[in-house]
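Below is one structure, written out as structure tokens; comments come after it.
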There are 2 protein chains.
Amino acid sequence: MNNLLKYIHSLTAFSDKSWELLQPALNKKELKKNEFLLKEGQVCNSLFYIDDGYCKSYYEIDGVVKNTGFFFENDIATNVNSFGNGLKSEFNIIACEPLTVVVFDKNKLFQAAKQAIEIETLGRNCIRLFASKQEEFANLFKIYSAQERLEYIETKHPEILQRVSLSQLASFLGVSRETLSRIRKRRTLS
Amino acid sequence: MNNLLKYIHSLTAFSDKSWELLQPALNKKELKKNEFLLKEGQVCNSLFYIDDGYCKSYYEIDGVVKNTGFFFENDIATNVNSFGNGLKSEFNIIACEPLTVVVFDKNKLFQAAKQAIEIETLGRNCIRLFASKQEEFANLFKIYSAQERLEYIETKHPEILQRVSLSQLASFLGVSRETLSRIRKRRTLS
DNA sequence: AATGACCTGTGACAATCGTCACAAAATCAC
DNA sequence: GTGATTTTGTGACGATTGTCACAGGTCATT
């Protein structure tokens, strides 16, 4: 839990008492590669703090996998829409490597937040970071071409390229595997 | 302020006392068409509750306008990244019609939130809605084609089509104006 | 060494898209 | 109403992309 505590302190002031109050909502969990954190159709009642390893979110449409997000150490993975509104999730979250997460249980988290405003503030900050990330990637598609999106990831988020295969990255960039391969080729020629 | 109060009550339990504590952070403002709520390069220190009219966020890249979001009545408009981290905004927010907004001042809001957990919770819920919306639109680009994105907007967010011109909508969908026009033509022929 | 699973590249071809240019239609200001 | 401005549609053409098919490479396991 040390990584989590550091992460929390980087986000907001957090007393020992708040940390104690938060404990009942936390649950450390180890997952094997390809185990699900969240399945399509389920309601998401958890936030997943990624302690070690990484996971991805993906839609499966007509049998085709479309990756929508990658979550590494010190990220929070969840389905905000399902978590916040109690709706069924339209996508999956799956471990891409052996994965260690700290699971925040929604109900117990809300109970704890009522007792300590620091926990409420922590929640707000977690969601703020999440929103910030989503905004960043949503805008990528509106202002950049496929090639520019790749270059953006290369400069601003090299960690993704270091750990995710190009096949996996392609749908995240909104292009086919073959197109991503050709974009890379085009550049080396010029 | 009636609309805002209803909006708040739809999000979270909110006492009269919290409402009073919140007042110093609020400031009603009227803007003409094409007035800026936020300019590129500025730090965003406000949340804008849209009371009447609508506005949009856009990047201007090499002189070309790229719309990234539209905000209507009962939406909150802001730059989460700038607001949360105190960074300069990379995009603009501008009134598309005569606009009435309630401006939340960041510092005064945070001060009020320290005194009432209900305000802190309100903040969390506002950001949660924002994150939810961003996630929805970010995923659109990863899982759908341009035509499918248009159809998604038509069925799930018809209010955008009713109020925004097709020229304005095009960059939001990540295509050129001409392509959007042809997608519409293609469909009427089949 | 052999096997199988996965990843990457590439050729061919059709579909889609961006850009430039211009015209028609709709809207706005006076 | 009239002229100006904005919006939308469309033709032409080159660039980019998706799809299908196949080949070579890497890596872990046996």
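Naming: A, B, ... by sequence-line order, numbering from 1 per chain. Owing to the predicted nature of the structure, the values given are computational and were not obtained by experimental measurement.
Between A:Arg163 and A:Glu97 there is a salt bridge, with a side-chain nitrogen of the basic residue lying less than 4.0 Å from a carboxylate oxygen of the acidic one.
Proximity of A:Phe130 to B:Val80: side-chain heavy atoms (C-beta onward) are nowhere separated by under 4.5 Å. In this structure the side chain of A:Leu26 reaches within 4.5 angstrom of the side chain of A:Met1, judged on heavy atoms.
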Per-nucleotide protein contact string for nucleotides 5-24 of chain C, where B marks a base within reach and S marks sugar-phosphate only (heavy atoms under 4.0 Å, - for neither): --SBBBBB----SBBBB---

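Cation-pi contact between B:Arg124 and A:Phe83: absent, since separation from the ring centre below 6.0 Å together with deviation from the ring axis within 45° is not met.
B:Glu97 has its CD atom 16 Å from the C1' atom of D:dT6, to the nearest Å. In this structure, A:Glu148 places its CD atom 13 Å from C1' of D:dT16, rounding to the nearest Å.
Checking each of B:Phe137, B:Phe172, B:Phe72 against B:His157 for a ring-ring contact (aromatic ring centres under 6.0 Å, His included) leaves exactly one that passes, namely B:Phe137.
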